[in-house]
Amino acid sequence: MKAFAEQSPRPVPLPGRRTAVWRRLAQQKYLWLMIVPAFVCTLVFSYAPMFGLYMAFINYQPGGSFFGSFFHGKFVGLEWFRYFFNNGDFWIVMRNTLAQSLLSLLLGFPAPIILALAINEVRSGFFKKIFQTISYLPHFISWVIAANIIITLLSSQGLVNKVLMLLHITDEPVAFFQHGHYFWWIIASSNMWKDMGFNAIMYLAGIASINPELYEAAKVDGATRMKLTRYITLPALRPTIVILLILAVGGVLNAGFDQQYLMQNDLVLKYSDVIDTYTYRYGLQNSMFSYAAAVGMFKSVVAFLLVLMVNRLAKKVNDQSLF
Amino acid sequence: MKSRSMGDMLYAGVVYAFLLAVVFVTFYPFWNVLVLSVNSASDTIKGGIYFWPRELTFTSYKEILTDSEIMHAVWVTVARTVIGTPLSVVVISLLAYPLSNRDLVMRRPVTLYFIFTMYFGGGLIPYYMVLKTVHLIDTFWVFILPGLVNVFYMILVRTYIEQLPQEMVESAKIDGANDLQIFFRVIFPLTMPVLATIALFTAVGHWNAWFDSYAFTYKSSLKTLQAVLVKILNQYQTGSMVSDAQKLADSAKRLAVSSDTIRMAATVVATLPIVLVYPFLQRYFVKGMTLGAVKS
C-alpha cells in the first residue's frame with residue numbers, strides 16, 4: 001500500500017495515553033462531524049418538544065412562531081393539570097389505560113413463554129422454522145391492517161361469531177364493537193395475537209444458551225420431557241422472565257394509541273379512551289393545545305419516573321439472580 | 001433413543017396440538033382476508049365465507065388498480081420507504097461509530113444526550129408545534145426527517161462495532177487513513193449484517209406508518225397507503241353502525257363492488273410486500289434482536 005510506504009507522520013494514539021483534551025478533540029474532528037446530523041435531528045425533534053412543554057403552563061394562543069408565542073400566553077401555572085384531575089376525565093382515562101395495559105400483560109406476558117417452550121419441544125428443524133415464521137408474521141403488519149382484520153373477524157358474520165354460535169355459547173351474533181365492556185378484552189387479545197410470536201424470540205435465545213449437558217444428565221436420571229421443561233428450561237429462563245416482566249410493568253402507561261384509535265367508535269369511548277387518544281382528541285382535533293400538552297406531560301413525567309424506578313429494580317434482580 | 005414412554009408421547013401430542021392452534025390463530029385471519037378479497041362482493045354480503053371463495057372474482061383488485069387515490073398512495077409509500085430507509089441507516093451508523101470509540105472526548109454525556117430521548121419526550125402536542133415551526137407540516141419530509149435517528153437501532157449498531165476486531169482499525173490508522181476513511185472503507189462494510197437488520201426494521205416501519213400522514217398532512221397527494229386504509233376503515237365503521245334496514249336498502253347499490261371487498265383487497269395490497277420479504281430476512285433480525293438483548 002502506498003500510504004504505508006510513506007509512513008504516516010500522524011501519531012497513533014495508544015490506549016490509555018494521555019493527551020490534552022483540545023488535542024484529542026482536534027484529532028477527533030471527523031468523528032464529531034459524523035455525530036452532527038443525528039445531533040441536530042435529536043435537538044429539533046426530541047429536545048425542542050421538551051422545551052415546548054412550557055405551553056402546558058400558559059394559556060397558549062396559536063399564531064406567530066411557536067416559541068415566540070410563549071411570551072404572549074398568560075402564565076397559569078398548574079391550572080391545566082388541576083383541570084384534568086378535577087373534571088372526571090382523569091379517572092376514566094387512567095382506569096382505561098391501566099386496565100388495558102394490565103389485561104394485555106396478563107394475557108400477553110405468559111403467552112410467548114409458553115410458545116417458546118412449545119417450539120423448543122419440536123425436534124424437526126424444518127417445522128420449528130415454519131412455526132416461528134408464521135407466529136412472527138402479525139408483528140410486522142401495521143395496526144391499520146391488524147384493525148381491519150380484527151374488525152372483520154369480530155363482525156356479525158365473522159368467524160368468531162360463527163364459532164360462538166356453533167358452540168351455542170350465543171344465539172345471536174355478538175356486536176363486539178357496540179358495547180364498551182368488550183373493548184378491553186379486544187385490545188388485550190389483539191395485543192397478544194400480534195406480538196406473541198415475536199416476543200418468544202427472547203425466550204428462545206435464552207433456551208438456546210442452556211448447557212445441553214444438563215439435559216443429558218437429567219435424561220440419564222430418567223426425566224420425562226415434561227420434567228426437563230419444568231426443572232431445567234423454566235428455571236433457566238427465570239432471570240429473563242423476571243427482567244422482561246419488570247420492564248413491562250415500567251411501561252404500563254403506554255397502553256398504546258394505534259389499536260385504540262383505529263378500533264374505537266363513539267359507542268365504546270368510555271372504555272376505549274386512553275391517555276394518548278385523549279391527548280390526540282383534545283389537542284389536534286379540538287385545538288385545546290395547552291390542556292392536551294399538560295395531559296401529555298403528566299403521562300411523560302409519570303412514565304419516566306416509573307422507568308427509573310423499574311430500571312433500578314431490574315439491575316438489582318439481575319445481579320442477584322445471575323450471580 | 002427409541003424407547004419413549006406414554007407420558008412423553010402424550011406430552012408431545014399436547015405440544016403439537018397447541019402449536020397447531022397457534023398457527024391457525026395467527027395465520028387464519030390473513031387467509032380469511034385474502035378469501036374475502038377475491039369473493040364476489042354481492043355474494044360476500046350474504047355471509048358464510050370462511051375458508052374458500054364461493055364466487056371467485058378479481059373485480060375489487062381491478063377497482064384498486066384503477067383507483068387513482070389508492071395507486072398514488074402506494075407511490076407515496078414506496079417513495080418514503082425507498083428514500084427514508086437508506087438515509088436513516090446512514091445517519092444511525094454515522095452516529096454509532098464515534099460512540100463506539102472509547103477514546104471519544106465526552107463520550108458518556110453525548111451518549112446520554114441520545115439515550116435520554118428514549119425515556120422522556122415532550123408528547124404529541126409540542127411535537128406537532130415544533131413540526132409546524134420548522135415548516136414540515138404538509139410536506140413529504142415530515143415522513144423522513146423526524147424519524148431519521150432511532151436510538152435503539154443506534155445501540156444495536158454500536159454494540160456490533162464494539163465487537164469487531166480492533167486490529168483492522170489500528171492497521172488502517174497506521175496506513176494513514178482518517179476516521180472518515182476508516183468508517184467508510186473498513187467499518188461500514190463489516191457492519192452489513194446489523195445494518196441489514198435495522199434497514200429491514202426501518203423499511204417495515206416506513207411501510208406501516210400511518211399516523212404522520214394521517215395527522216400531519218392534509219393534501220391528498222401526501223396520503224400514504226396506510227392512511228388511505230384508515231380512511232376506508234373509518235367509512236366502514238360508520239357504515240356498520242347504521243341500522244340493518246338501512247343496510248339492506250344500501251346493499252342494492254353495493255352489489256357491484258361493496259366497500260367491504262375493496263377494504264379487504266386494499267388490506268391485502270398493504271400486507272403483501274411484508275409477507276413476501278420478511279421470511280428471507282428473518283435470520284438477520286433474529287440475530288440482531290438476540291444480540292441487542294444480550295448486551296442491554
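Numbered from 1 within each chain, the chains take letters A, B, ... in sequence-line order.
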(request) Kindly compute the distance separating CG (B:Asp179) from OH (A:Tyr30), expressed to the nearest 0.5 Å. (result) 9.0 Å
(request) Considering only heavy atoms and a distance below 4.5 Å, find which of B:Leu229, B:Val151, B:Val204 pairs most often with chain A. (result) B:Leu229
(message) Given heavy-atom pairs under 4.5 angstrom as the criterion, report whether the side chain, backbone, both or neither of B:Val25 touches chain A.
(response) both
(request) Pick whichever of B:Val90, B:Leu36, B:Thr117, B:Leu99 has the most heavy-atom pairs under 4.5 Å with chain A. (result) B:Thr117
(request) Counting only heavy atoms closer than 4.5 Å, note whether A:Thr229 contacts chain B via side chain, backbone, both or neither. (result) side chain
(request) Counting only heavy atoms closer than 4.5 Å, note whether A:Val36 contacts chain B via side chain, backbone, both or neither. (result) neither
(request) For the pair A:Arg225 (side chain) and B:Ala12 (backbone), establish whether a donor and an acceptor sit closer than 3.5 Å, ignoring hydrogens and angles. (result) no
(message) Which atoms of B:Val110 are under 4.5 Å from chain A, going by heavy atoms: the side chain, the backbone, both sets, or neither?
(response) side chain
(message) Is the shortest side-chain heavy-atom distance between B:Thr267 and A:Thr152 below 4.5 Å?
(response) no
(request) Measure from the ring center of B:Tyr214 to the ring center of A:Tyr261 and say whether it is less than 6.0 Å. (result) yes
(message) So for atom CZ, which belongs to B:Phe24, do other residues, nucleotides or ligands contribute more than 12 heavy atoms lying within a distance under 6.0 Å?
(response) yes
(request) Select one option (side chain, backbone, both, neither) describing which atoms of B:Leu10 are under 4.5 Å from chain A's heavy atoms. (result) neither
(message) I need the B:Met129 CE to A:Phe289 CZ distance, nearest 0.5 Å.
(response) 4.0 Å
(message) Using every non-hydrogen atom in the two residues, find where A:Trp193 and B:Thr26 come nearest and quote the distance to one decimal.
(response) NE1-CA, 3.5 Å
(request) Identify which one of B:Phe120, B:Tyr113, B:Phe114 satisfies the ring-ring contact (aromatic ring centres under 6.0 Å, His included) criterion when paired with A:Tyr47. (result) B:Tyr113
(message) Report which part of B:Ile49 has an atom under 4.5 Å of a heavy atom belonging to chain A: side chain, backbone, both, or neither.
(response) neither
(request) Locate the shortest heavy-atom distance separating A:Leu53 from B:Gly122; write the atom from each residue and the value. (result) CD2-O, 3.2 Å
(message) Quick check: do A:Phe45 and B:Leu131 have side-chain heavy atoms less than 4.5 Å from each other?
(response) yes
(request) With the side chain counted from C-beta on, respond yes when A:Leu153 and B:Asn32 share a heavy-atom pair under 4.5 Å apart, and no when they do not. (result) yes
(message) At a heavy-atom distance under 4.5 Å, which candidate from A:Leu262, A:Thr224, A:Thr240 has the highest pair count against chain B?
(response) A:Leu262
(message) Between A:Ile145 and B:Gln226, is there a side-chain heavy-atom distance shorter than 4.5 Å?
(response) yes
(request) Give, as side chain, backbone, both or neither, the part of B:Phe211 having an atom under 4.5 angstrom from any heavy atom of chain A. (result) side chain
(request) Count the heavy atoms belonging to other residues, nucleotides or ligands that lie under 6.0 Å from NZ of A:Lys128, then report whether that count exceeds 12. (result) yes
(message) For a quick test of reading the model, state the closest non-hydrogen atom pair linking B:Val15 to A:Glu121 and the distance between them.
(response) CG1-CB, 3.8 Å
(request) Run the ring-centre check on A:Phe304 versus B:Phe116 and record whether the distance is less than 6.0 Å. (result) yes
(message) Counting only non-hydrogen atoms closer than 4.5 Å, does A:Leu115 touch chain B with its backbone (N, CA, C, O), its side chain (CB onward), both, or neither?
(response) both
(message) So for B:Tyr119, is it side chain, backbone, both, or neither that comes closer than 4.5 Å to the heavy atoms of chain A?
(response) both
(message) Between A:Val122 and B:Tyr16, is there a side-chain heavy-atom distance shorter than 4.5 Å?
(response) yes
(message) Using heavy-atom distances under 4.5 Å, tell me whether B:Leu148 contacts chain A through its side chain, its backbone, both, or neither.
(response) side chain
(message) Measuring only between side-chain heavy atoms, which start at C-beta, is A:Tyr282 closer than 4.5 Å to B:Ile125?
(response) no
(message) Looking only at heavy atoms and a cut-off of under 4.5 Å, which of B:Val105, B:Leu180, B:Ile274 has the most pairs with chain A?
(response) B:Val105
(request) Name the option with the most non-hydrogen atom pairs under 4.5 Å to chain B; the candidates are A:Leu308, A:Val301, A:Leu137. (result) A:Leu137
(message) Counting heavy-atom pairs closer than 4.5 Å to chain A, which one of B:Trp207, B:Tyr50, B:Tyr127, B:Tyr28 comes out on top?
(response) B:Tyr50
(request) Could you look at A:Asp258 and say if it's the side chain, the backbone, both or neither that has a heavy atom under 4.5 Å from chain B? (result) both
(request) Just give me the residue among A:Leu159, A:Ile134, A:Ile141 that pairs up with chain B most often, heavy atom to heavy atom, under 4.5 Å. (result) A:Leu159
(message) Given heavy-atom pairs under 4.5 angstrom as the criterion, report whether the side chain, backbone, both or neither of A:Ile150 touches chain B.
(response) neither
(request) Working to the nearest 0.5 Å, report the span between CE of B:Met118 and OG of A:Ser46. (result) 11.5 Å
(request) Side chain from CB out, backbone as N, CA, C, O: work out which of these in A:Ile130 comes under 4.5 Å of a heavy atom of chain B, or both, or neither. (result) neither
(request) Mind ranking B:Gly123, B:Ala266, B:Pro29 by heavy-atom pairs under 4.5 Å with chain A and telling me who comes out on top? (result) B:Pro29
(request) With the side chain counted from C-beta on, respond yes when B:Met106 and A:Trp32 share a heavy-atom pair under 4.5 Å apart, and no when they do not. (result) yes
(message) Between A:Met226 and chain B, with a heavy-atom cut-off of 4.5 Å, which part of the residue counts as in contact: side chain, backbone, both or neither?
(response) both
(request) Could you pull out the closest heavy-atom pair between A:Met34 and B:Pro98, with the gap in Å? (result) CB-CG, 3.9 Å
(message) Which atoms of A:Leu43 are under 4.5 Å from chain B, going by heavy atoms: the side chain, the backbone, both sets, or neither?
(response) both
(request) Go through the atoms of B:Val134 and report whether side chain, backbone, both or neither lie under 4.5 Å from a heavy atom of chain A. (result) side chain
(message) Tell me the closest heavy-atom pair linking B:Gly121 and A:Ser300, and the distance in Å.
(response) O-OG, 3.2 Å
(message) Out of B:Phe27, B:Tyr97, B:Phe30, B:Phe183, return the one with the most heavy atom pairs under 4.5 angstrom to chain A.
(response) B:Phe30
(message) Which atoms of B:Tyr11 are under 4.5 Å from chain A, going by heavy atoms: the side chain, the backbone, both sets, or neither?
(response) side chain
(message) Is there a side chain to side chain contact (heavy atoms under 4.5 Å, CB included) between A:Gln28 and B:Asp103? Walk through the geometry before answering.
(response) CA-CA 9 Å; A:Gln28 295 172 350; B:Asp103 292 330; 4.1 Å; yes
(message) Report which part of B:Val130 has an atom under 4.5 Å of a heavy atom belonging to chain A: side chain, backbone, both, or neither.
(response) both
(message) Between A:Pro62, A:Pro37, A:Pro138, A:Ser155, who has the most heavy-atom pairs with chain B when the cutoff is under 4.5 Å?
(response) A:Pro138
(request) Write down the atom of B:Ala215, the atom of A:Leu284, and the distance for their closest heavy-atom approach. (result) CB-CD1, 4.4 Å
(message) With chain B as the partner, which of A:Phe67, A:Phe51, A:Phe257 has the greatest number of non-hydrogen pairs under 4.5 Å?
(response) A:Phe257
(message) A side-chain contact here means heavy atoms from C-beta on lying under 4.5 Å apart; do B:Leu19 and A:Phe127 qualify?
(response) no
(request) Please state whether the side chain, the backbone, both or neither of B:Met264 comes within less than 4.5 Å of a heavy atom of chain A. (result) side chain
(request) Pick one of side chain, backbone, both or neither for B:Ile92, based on which atoms fall under 4.5 Å of a heavy atom in chain A. (result) neither
(message) For the backbone of A:Phe140 and the side chain of B:Asn208, can you confirm whether one donor and one acceptor N or O come within less than 3.5 Å of each other?
(response) yes
(message) With a 4.5 angstrom heavy-atom cut-off, is it the side chain or the backbone of B:Thr271 that approaches chain A, or both, or neither?
(response) both
(request) Please flag which part of B:Val23 lies under 4.5 Å from any non-hydrogen atom of chain A: side chain, backbone, both or neither. (result) both
